[in-house]
Each structure stands twice: as C-alpha cells, then as structure tokens.
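To start, the structure itself, in structure tokens.
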2 protein chains.
Amino acid sequence: MRYLLKIQEKIAPELISIVENRYTILRNIYYYQPIGRRALAEKTNISERLVRKELDFLCGRGLIKVYRSGTVLTDLGSKFLPELDKYMKELKGIRTLEEQLKGCLGIEEVHIVSGGLEPSIINQEIGRYTARLLHRLLKDGDILAVTGGTTLAQVASAMHENDSPMDIIVVPGRGGLGEEVEIQANTIAATIAKKLGGRYHLLHIPDSIQEENVDIIMAEPSIQRVLKFLKKANILIHGVGSAEIMAARRDMSPEEIQELKNRGAVAEALGYYFNESGEIVYVTTSVGLHLEDLKNIEKVIVVAGEPDKARAILSVVSPLYHNILVTDESTAREILNLKGVRQ
Amino acid sequence: MRYLLKIQEKIAPELISIVENRYTILRNIYYYQPIGRRALAEKTNISERLVRKELDFLCGRGLIKVYRSGTVLTDLGSKFLPELDKYMKELKGIRTLEEQLKGCLGIEEVHIVSGGLEPSIINQEIGRYTARLLHRLLKDGDILAVTGGTTLAQVASAMHENDSPMDIIVVPGRGGLGEEVEIQANTIAATIAKKLGGRYHLLHIPDSIQEENVDIIMAEPSIQRVLKFLKKANILIHGVGSAEIMAARRDMSPEEIQELKNRGAVAEALGYYFNESGEIVYVTTSVGLHLEDLKNIEKVIVVAGEPDKARAILSVVSPLYHNILVTDESTAREILNLKGVRQ
DNA sequence: AAGGGTGGGACATAATTGTTCTAACGGGAT
DNA sequence: ATCCCGTTAGAACAATTATGTCCCACCCTT
C-alpha cells in the first residue's frame, strides 16, 4: 500500500501538489461554505485563477456546487472528504509520522490530522477527527470522562446526534477549574451525552476552594455520586494546555503563577502541572480524577493540537497513563523535532 | 490498496495519463535502447516535444541517461521498471481484470501484462513476465515440460542465466510438430535448461509419422527415456495457437486443413485442436503429453498474447487442465468481451 | 440603499507544446 | 582508416494553452 505510493512518488512527484491543492480547497469549502473564489484563494495561498480552475474541476466531479452566493460542498463531496483524509494521510506520509510518534512516545495509538490549514481550523479538524474516533470507540455500557478546554469543546461540537440513544454515561473528569462556560468540562460532558443520547452527571464545585474544605465538599452526596461514576469510567478523553495559558485562564493569583514559573511548569492536564521532564510540579486542589486513576482506565485519549503545545504534549503524554494521542501534522512534526527524530 | 487508488482517481484523474506516458516511454526505451526522441515519439504516439519533456524528467530522476547516440535506461531505471509494472497493474485496474478473468475462466491464477505497446513488443513483455514467473516458481528437483511457439521462444530468451546451476530437467512436451527450429519445443527446452543451469532431454521425432509407425517409434529407448521424464513432469508451460496459423506452420496437407475447418477448429494447444465450445475436434498423431496427463501435473501454465487469440484461449483454457494463465491486457479484455463480461 | 461579498468575463503575460531546422555523432560499408 | 548515411540531441520559434490580475454586474445582508 505504502509501497505503491512510494513508486508513484518516484514516477509522478507533481501529483502531491495537485492533490494537496484540491484537498486544501475542499477542506476550506467544508469549513467556510458558502465561500467565494477570492476568499478561498486568500485562505489557501493559491492564486485566484488556479482556485477557479480547481473549482471547475471539483464541480465537474460533482464534489462541490458553485452558486451565486459561493461554493458549497455537495452531499457527495462531504461523503468523499473523510475518504480523502485517509488517502492524504498515506500520500503525505502521515501514516509514517504516526508510526514514528508512536515509537517515540511509546504509546499504543497515534492519530494525526493532515495539516495545511489555518490554526483555528486545524483545531476543528482535530475535533472532527476525534469525534469520529469516539463514535467508533464508544459502546453501550461505557462511562466516559471528559475534561474542558477549547479542543474538547471542538470535539463535542463535531460529534453528531446518534440515531438511537446509547446507554452511556458522561461525566466531567475534574470539577470546577474556573473557565468560561463553553469550554468547561461540565458543559462538554453534557453536550456529548446529549448528542449520544446518553446520560450525564455534573460536578458543581466552587472555583477555588480552600484546602481544608475539600473534604467537606467531597462528602456531599451529590458529589459522591458523580465521583463514584468517575471511578468506574472506562474511557477518558482529555486535553493538554500550556502551563501559562491555563494558569491565566483559571483565575490564579499572581503569586501562584510565579510559583508555577519557578518550578518550571510547561504543561497542564487534568489539573496537574508538569515540567519539561514530565515531572509533576504542581497540583490544583480540585476534585475528581487523579493521575494515578488513569492507570485503571481502559482507554485514555489525549487530544491536543497547535504546534506551540508540542513541548507540553511531550511532557504530559506517557505510556503509563495514555493509550491514544490525537494531534495534527505540524504539532507531530514539532514533537519529533524536539525529540531529535528526523523525519 | 485498490481503495486508495480509487480515491486518487476521483481526486486526480489526470494522473493516469501522466504516468501512462512515462511508463510507455520507459518501456519503449527498455526495448529499443539506445533510441532517440523522434523514434520514441513515433512509437508512443506522444508528440516529440512532450517526449522531450518527459525525457528531461526521467533523466532528472536518474531513470534514464540521454546520450548523443540516444536514450538509455540506467541501472536504476531497469531496476525500477518491474516495480512500475506492479504499480501500473493496480493503477489501470489490471488487478481487477485479473480477478474477473480468473472468475470467468475458473482458473487458479491469471497474470495480465499491461498493454499499450506494439503487438510485437507485447509478446516480448509477456515473455519477460513469464520468465520472471518461472524463475520464481521453479525449484530444485522440478521437471519442466515446454512446448514450442513464438511466445514460448520469447519466454526462453527472456530468462536470465542462473548464478548457480539448478537441479532441473527440461523436456519438450510433444515431439516433432514441424516448425522452424527457433520456435521448436526442443530448442526452447534446451535454451531454458541452459539458462537455468539444468539438464534437458530432447524428443527427435519425424515431422509427420504414419499412424502405424507411432508404436515403433515409441518403443525406441531414447524416446522412452524422455517420455519417462515427461510423465514425471510437475510443471508444464505451453502456448495456444489459432488453428489456421498452426495448421499452416506445420506442414499439413490441404485436405487435413480443410478437414480442420469443417470440424470448426479454432484453437490449438499441445497438438490438440479445439472448436469454439472447447471440444477436441482433431488430434495430431504426435508423441508426448496427452491432454489427460495435464490433470496430474502440479502446475500447468498457459501463456498466450495477441487479441486475435482470445477465442482460441477461451476454448482451450479449462480449470480441468490449467492452473495459471499469462496474457496481456488487450487479449484479456477481448476474452471478457467474448464472454459478455463488462469491465 | 449601500456595502461587501459573489461568479463570470476580459485580457495581458507567462508557460507549455508542436514543429522544424541544424550540427554533430556513431556505425556500417568501403 | 575514412567516408557516408541515418539518427541523434539541442535549439529556435510559432501556436496554443495556462495563469495572474483586474473589472463588472449581480445578489444578499445589513
């Protein structure tokens, strides 16, 4: 399979740029439809005339439809796009990247989404991909734990409504980390549960509670009930943040932030802060899953894009805790760079 | 595998003609090297300028070398060509053709050589391919039976000398069918045996012997010895001829030829003449393998190109007797046409 | 009603392609 | 050895095609 494409690359190397152009255009249409030639040209860095040519081509293939108001994906086109994803992965050697990253991180599965789009869109792509992955992975009886963050929010919004309700329980992995509602774990858990037709339980915990009050909160029956589900969760999906952004997003005091910096924190996940070597340097006093719990969870999926997170991902992800990583092409390459692996 | 190329064909259909051009050019260089631009252009029906462009490209890839005296395949090029063969088979859907033909004929294996060359070259291609197949198939201890014919002669000449001699015996499948020396079974058997570094035994039998003398000849010890090997042959490779051409090639009397026509003979193989329905309508009184013997031979390979032989192949090849068919693309398509299979 | 987007058209320019010419090389015959 | 013929690559140039750029009439939204 890979073999044939290798041969092809030798005999027709120009193919890659041709297909890449069309792929990029299709994906941009997907995200911005209806969209015009000029806007597409700008987004894709392909000249307007070329975009037009490709548009004509794609139109002829019935993948898109050009209206007065702009270009739109046809049904055929949106069905075709996931297939193209697969194809492009092979063509651009992303499958190889996945293997390298797998070996490098020692993890079970690595999924990489094709790059070549704007960062904001890449996050959506990761969401779209992870959503598909989740749909495949989840089965009746599962208890899914999720965390917050922009990436997870994308996953939630990219999931589609199930035809028939599933017997699934979704719970937030940690409570009260003081973020905006849309990207809170609670919101995301609810969204996903609703789309799947499953149930959900939320953790309502004050943003920053005193250390001495934790036990009191924990004793609350409503909290206890959710924590019981959490302990039984067999799938966890969580994001990774860069330490400073997370610290800012959660209303940390300046002293705390300084303390984090002093300790060399670069990454955050599940309320834990890690330094470059992957050591835990700080833990927020929050309620829910603890790092050690991850070892008992069947499938732990970590999802994170954006190349500036490469270092963070590297320090967080560990075969001890994680099974699956979902990221994007440029982040993957950056991680391998940091590790000194040549591609 | 096939799947990816299907996707590719949808997103980049122009690729096929690009690759096809380069493939055709490469193959023509292989057969005619050193050859010039103009001659190539004529043979391939590609405009001279295009040939030049592709030549520049192939040169840049190090697959060919352009000399004052013409273009020549480099070592890399000749190593690359068989890989390209494989790739082209997938790309042009020849693998699918093979499957269809396999199903249609009920045979174990079908090998189809990519078309798009002049008929004379196609025969060489089939020879080249079959030679590779034989090299792969043969193992020490084998006894190989071969017949005559232009196609088999190509096979023989396309085989390469073995580094180390093989423990193999090659014998002609039938004796004395009165053809030119170069395409006689005896000659071919000797050639193949020499190339493999094996032994061979020949059948020297008068061209057209009287029915009543067959037994006398058969009793000859020298003949008996060869026949004994023949009965133990575990691989047979034979060609297929159209009835009229074969009748002419072997000096048949006008009455016999008329008789053949009356009986509706369309195909010949191993001295047997078949009508359209695959029934045997005539047998030359010759010495050697009989049709029934084929059932006991491990691998029977039938090799035949040229589209006008399609009907002949169809009536000769049977799962009862044959395991492997080697032919070319246009013949394959013609056979499927005759069978009413749409491709 | 106006403004920012749209597709289609126009057109100059660049690139590709078809065609022809030429000088030089190679190989066979002398 | 040498001449000669055929074939070669390379160059040149015209014809065609692809491409970059800009404009315009239109439509939708605001």
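First the proteins, then the strands, lettered A, B, ... as listed; each starts at 1. Keep in mind that the numbers below use all heavy atoms, side chains included, and drop hydrogens, waters and symmetry copies. Model, not experiment: these values are computed from the prediction.
The CD atom of A:E42 sits 13 Å away from the P atom of D:dT21 (whole-angstrom rounding). Rounded to an integer number of Å, the gap from A:Q33 CD to C:dG5 P is 18 Å. The interatomic distance linking B:R49 (CZ) with C:dT20 (C1') rounds to 12 Å, in whole Å. In this structure, OH of B:Y67 is placed 18 Å from C1' of D:dT7, rounded to the nearest angstrom. Per the geometry, CZ belonging to B:R68 stands 15 Å off C1' belonging to C:dG27, to the nearest Å. Atom NZ in B:K53 sits roughly 16 Å away from atom P in C:dT19 (whole-Å rounding). Look at CG on A:N21: it is 14 Å from C1' on D:dA18, rounded to the nearest Å. C:dG18 atom C1' lies 15 Å from atom CD of B:E54, rounded to whole Å.
Scanning atom types as modelled, one donor and one acceptor separated by under 3.5 angstrom connect the side chain of A:R38 and the base of C:dG7.
A sub-4.0 Å separation between OP1 or OP2 of C:dG27 and a side-chain N or O of B:S69 is absent.
Proximity note for A:R52 (side chain, C-beta onward) versus C:dG9, D:dC24, C:dG26: the nearest is C:dG9. Side-chain proximity of A:R37 to the nucleotides C:dT6, D:dT19, C:dG8 is greatest for C:dG8.
In this structure, B:K195 contributes its side chain and B:S157 its backbone to a donor-acceptor pair below 3.5 Å.
Between A:R95 and A:E98 there is a salt bridge, with a side-chain nitrogen of the basic residue lying less than 4.0 Å from a carboxylate oxygen of the acidic one. Under 4.0 Å is where a charged nitrogen must lie from a carboxylate oxygen, and between B:E42 and B:R38 no such pair does.
For the atom pair CZ (A:F80) and OH (A:Y30), the distance works out to 15.5 Å, reported to the nearest 0.5 Å.
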